[in-house]
Structures are given as C-alpha cells and as structure tokens.
Amino acid sequence: GGGGGAGGGGGGGGCRGAARMAAAGACGGWAAPGLTDVRFRRDDPAGEALAYAANAPVWAVAHLCAAAYARREVRAGLLLAGLAGNHALSYALKRAVAAPRPRAHCEALGTCASFGMPSTHAQFAAFLAGHALLRARGRPGSALRLLEALALAALAAAVALSRVYLGYHTPGQVAAGGALGLALGALWAAAVERAGAAGWLRRLERSALGEALLLKDSEGAPPRTDARRPPRTGASGPLGTPELLAERHAVLLRGGPKAA
C-alpha cells in the first residue's frame, strides 16, 4: 500500500503528500503552523496519543487565558506572565546553545533547521507542574491542590515522553527542559506567595490598573485594620447611616409603629 507514515505520499517523491508539502522549505516554502504541528506515523496509535499529549501546552494557555479573563484573579494573570517568561527563556537558550535536534526523522518532521536544547514543550509543562506542586503544600484544601499538582506532573511526563518518542528531541534535551521548567515554576510560585504575604498583590488589586481591570486577589489575606481605631460602620448619607436605613426598612416591613 501507499505511504502510511507522516511523511507519506507514494513512491515518486516531489511534492506528493500533505506532510511533505507542510515541511518547511519544501514546495516553495510551504510550512505548517509550529503551534500545533506535531507529526506522528499513521500506523502508530501510541504515537498519535502522545502527539495529542504534546499539544497540552496550547490547551493549557487557552484555559488559563479564559480563567484569568473570567475570574480577574491577580494570581492567574501572574501565572500567565511567568509562563511567558519561561517560554521566552527557553527560546533564548535554544539560540544560545544551538544544539541540533535528532537527525533520524528531522526531514519528515520539518525540524532539521531548528535547535533543540532545551525542549520548550517539556519546559512549559514542567513549569506548570512545579508551580502547582509548590502551591499545594500546607494550604487549606491542599488535598485537592495536591491531586491537581500530581495530574499536572503526570501530564508533564507524558509531554516529555512524546518529544523523545516522536523524534523531536533527544532525552538530554527533554531532561534539561523538564528540570529547568520544574525549578522555575516552583520559584515563580514562591515569589508570588511572598508578594501576596507582603501585601503587594493587594496593592495591585487596589491600584488604578487593578480598578480598571477589576482585578482581585481572593487567596490573599484580608486587609489589615488599625486596632487603635473603632471599626467603621459606614459613611452617613443624606438619609442617615446604612445601619439606620436598615432599621427603618425593618420597621416598614413589620407594618410600621401601631397608632395609640
């Protein structure tokens, strides 16, 4: 039968086969988007499953962006900022180290001209796992947080395995990306927690930017009150204080004072 692999396309060479046309530099510069272009052999179910696992960073970013927009949590936005920095660092290291990717299938995968140290996919997934593992320790509801962290760790392992199995990286490149991402994720989570404990996230929430973006820090400690001052019971308006208005409302609900 015809070509069953990702680089398939019959015996004639040239530009037959979608994967060949998608490979960078083939057929006049055609290329597939690098964001989700993970290739596998069509006769390999395990490779197909791992190709879907390798796309986990894309879906993670989509989920985090939606959650940050919907909930307006300061910490969710800072997690996205940390992931962006982690991603930029990975790309900078790739260009600095300039280590080639595995050559066995690089032509079919379209990776011959790109660098592979460290693995950006592995670093991204490990960052999420390291971030979640540090946040899970010693917090209320930590059992659920720990379960989430373990699930992210398992996903990071699947992503790392996929990059080696599918031929995109060497084991060393994946190990380097995983170790770096795990450390950076934990360090970023610790830095955000320190900023929260110091009150910086609360200040950001109450800043002009925070007010404009409707930001909130639900996990932060409640704002401190000055023990030397009595608690405020509400500002007085044209009809009295909120407490007095509530009392009048209760009287109206009861039908008002009875006439003598």
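In what follows, residues are counted from 1 in the order of the sequence shown.
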Using modelled atom types and a 3.5 Å cut-off, is there a donor and acceptor pairing between side-chain atoms of [X] and backbone atoms of [Y]?
X	Y	value
Gln173	Pro100	yes
Arg72	Leu213	yes
Arg101	Gly116	no
Trp188	Leu83	no

Of the non-hydrogen atoms in [X] and [Y], which two are nearest, and what is the gap between them?
X	Y	answer
Pro118	Lys94	O-CE, 2.8 Å
Ala122	Val159	N-CG1, 4.2 Å
Met117	Ala99	CB-CB, 3.6 Å
Ser162	Ala54	OG-CB, 3.4 Å
Val174	Ala160	CG1-CB, 3.4 Å
Ala149	Leu133	CB-CD2, 3.5 Å

Would a hydrophobic clustering, with Ile, Leu, Val, Met, Phe, Trp and Tyr connected at side-chain separations under 4.5 Å, put [X] with [Y]?
X	Y	result
Leu209	Val74	yes
Leu79	Leu134	no
Phe124	Leu93	yes
Leu215	Leu80	yes
Leu78	Leu64	yes

Measure the [atom1]-[atom2] distance between [X] and [Y] for me, rounded to the nearest 0.5 Å.
X	Y	atom1	atom2	result
Leu147	Leu152	CG	CG	10.0 Å
Arg163	Ser119	CZ	OG	5.5 Å
Leu204	Arg75	CG	CZ	11.0 Å
Leu166	Leu161	CG	CG	8.5 Å
Arg206	Asp217	CZ	CG	11.0 Å
Asn86	Leu187	CG	CG	11.0 Å

Item checked: More than 12 heavy atoms from other groups under 6.0 Å of CZ on Arg194 ->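 No, because the 6.0 Å sphere around CZ of Arg194 holds 12 heavy atoms or fewer from other groups.
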
Notebook entry, point to check: Got a sec: does the CZ of Arg71 have more than 12 other heavy atoms crowding it under 6.0 Å?
Noted result: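 Result for CZ/Arg71: open.
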
Next item on the list: Can you label the angle between the His87 ring and the Tyr91 ring as parallel, tilted or perpendicular, going by 30° and 60°?
Entry: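 Because their plane-to-plane angle lies in the 30° to 60° range, the rings of His87 and Tyr91 count as tilted.
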
Checklist line | Evaluation steps, salt bridge (charged side-chain N to carboxylate O under 4.0 Å, His left out), between Arg145 and Glu148 | finding: CA-CA 5 Å; Arg145 288 181 181 273; Glu148 177 188 358; 5.7 Å; no

